There are 2 protein chains.
Amino acid sequence: MENYRKILGRNVRAARKDLGWSQEDLAFETGIDRTYISGIERGVRNPSLDMLVKLAKTLKTTPSGLLEK
Amino acid sequence: MENYRKILGRNVRAARKDLGWSQEDLAFETGIDRTYISGIERGVRNPSLDMLVKLAKTLKTTPSGLLEK
DNA sequence: GTGTGACTTCGAGTCCGTT
DNA sequence: GAACGGACTCGAAGTCACA
């Protein structure tokens, strides 16, 4: 089973760095806690669809895009 | 804001019907409760990433594919 | 065969801190 | 700036009876 938490983590981190943001910046922009962002990027969290949508919007991509390998 | 719960619901229902399955069939194959499947298809639930992965695998698609418009 | 409201339980998500 | 831990709150997970 492919680990989609890891895939999501990689994609979030890449998209965030593309924007030149720190985790704290992304936390502020999304309104999501910074420790939670950290957990998502490390692949240890299991976020809800609403979270994926928030992240995707802020990172200027789509939920679908965040889950592509 | 596009409603990704509805998008997911539409895609799950379409993929399920493509396989000629009832909600009960899908519930059995995924191990998820039938009423929970119903809630996802109607867009009233906010499923986690792990749920999306389970559904995608059983429906022979990908989490990313389930979130495309 | 599906929609729906109500319910309990446990993990999603927040907030504080330290390394 | 980021990883990690503890304690907390609230909503997702999971189930049921009934329409």
Side-chain angles (χ1 to χ4, degrees):
Chain A
M1 138 140 175
E2 309 93 345
N3 194 334
Y4 274 94
R5 295 193 189 181
K6 299 270 187 188
I7 293 172
L8 174 68
R10 269 204 313 273
N11 290 340
V12 167
R13 182 161 295 183
R16 173 174 65 79
K17 298 215 161 177
D18 277 353
L19 293 170
W21 288 351
S22 66
Q23 289 183 353
E24 282 170 357
D25 292 334
L26 181 55
F28 177 77
E29 296 291 338
T30 52
I32 300 172
D33 193 79
R34 70 185 161 77
T35 65
Y36 199 72
I37 301 274
S38 170
I40 287 177
E41 290 193 359
R42 283 177 290 122
V44 298
R45 292 286 189 164
N46 180 31
S48 69
L49 176 57
D50 285 359
M51 279 284 175
L52 296 181
V53 173
K54 269 192 205 172
L55 284 167
K57 284 183 107 71
T58 308
L59 291 170
K60 305 181 194 335
T61 176
T62 61
S64 177
L66 287 180
L67 293 174
E68 271 155 19
K69 297 175 207 168
Chain B
M1 139 142 175
E2 308 94 345
N3 193 335
Y4 273 94
R5 296 193 190 183
K6 299 272 186 189
I7 293 172
L8 174 69
R10 269 204 313 273
N11 290 340
V12 167
R13 183 161 294 183
R16 173 174 65 80
K17 298 215 162 177
D18 277 354
L19 293 170
W21 288 353
S22 66
Q23 289 183 353
E24 282 171 351
D25 293 332
L26 180 55
F28 176 77
E29 296 291 338
T30 53
I32 300 171
D33 193 81
R34 173 188 71 76
T35 63
Y36 196 77
I37 303 273
S38 169
I40 287 176
E41 289 192 359
R42 282 176 292 122
V44 299
R45 294 280 189 162
N46 180 29
S48 69
L49 177 57
D50 285 359
M51 276 287 176
L52 296 181
V53 173
K54 267 193 209 172
L55 284 168
K57 283 184 106 72
T58 308
L59 291 170
K60 305 181 197 331
T61 176
T62 61
S64 177
L66 287 180
L67 293 173
E68 270 155 20
K69 295 177 206 165

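Computed from heavy atoms alone, side chains included, the values below leave out hydrogens, waters and symmetry copies. Chain letters run A, B, ... following the sequence lines, proteins first and then strands; every chain starts at 1. Quick caveat, the model's predicted, so the values are computed rather than measured.
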Whole-Å gap separating P (D:dA12) and CD1 (B:I40): 12 Å

Under-4.0 Å salt bridge between B:D50 and A:R5: yes

Test log, rule side-chain contact (heavy atoms from CB on, under 4.5 Å), inputs A:T58 and A:W21: CA-CA 11 Å; A:T58 308; A:W21 288 351; 3.7 Å; yes

Shortest side-chain distance from B:R45, nucleotide among C:dC15, D:dT15, C:dT2: D:dT15

For B:G65 against B:N11, the heavy-atom pair lying closest together: O-ND2, 3.8 Å

A:R13 side chain, from C-beta outward: closest of C:dT2, D:dA2, C:dA12: D:dA2

Nearest-nucleotide 5' precedence on DNA chain D, B:R34 against A:R34: A:R34

Proximal nucleotide (of C:dG13, D:dG14, D:dA12) relative to the A:M51 side chain: C:dG13

Whole-Å gap separating P (C:dG11) and CG (A:D50): 20 Å

Rounded interatomic separation in angstrom, taking CH2 from B:W21 and C1' from C:dT2: 18 Å

Protein-nucleotide distance (B:D33, atom CG; D:dA17, atom C1'), rounded to Å: 12 Å

Pairing of A:E41 and A:R10 as salt bridge, 4.0 angstrom limit: no

Minimum-distance nucleotide to A:E24 side chain [options: D:dA12, D:dG1, C:dG17]: D:dG1

Phosphate OP1/OP2 of D:dA3: any A:S38 side-chain N/O under 4.0 Å: yes

A:L26 CG - C:dT14 P separation (whole Å): 12 Å

Protein-nucleotide distance (A:Y36, atom OH; D:dC4, atom P), rounded to Å: 16 Å

DNA chain C: 5'-proximal contact among B:Q23 and A:T35 (nearest heavy atom): B:Q23

Shortest non-hydrogen contact between B:Y4 and B:L67, atoms and distance: CE2-O, 3.6 Å

Sugar-phosphate only, base, or nothing, as touched by B:G31 at under 4.0 Å among non-hydrogen atoms: nothing

Nucleotide nearest A:P47 (side chain, heavy atoms from C-beta), chosen from D:dA3, D:dC18, C:dG13: C:dG13

Contact nearer the 5' end of DNA chain C, comparing A:L49 with B:D25: B:D25

Whole-Å gap separating C1' (D:dT15) and CD1 (B:I32): 14 Å

Atom-to-atom span, CD1 of B:I37 to C1' of D:dA12 - whole angstrom: 15 Å

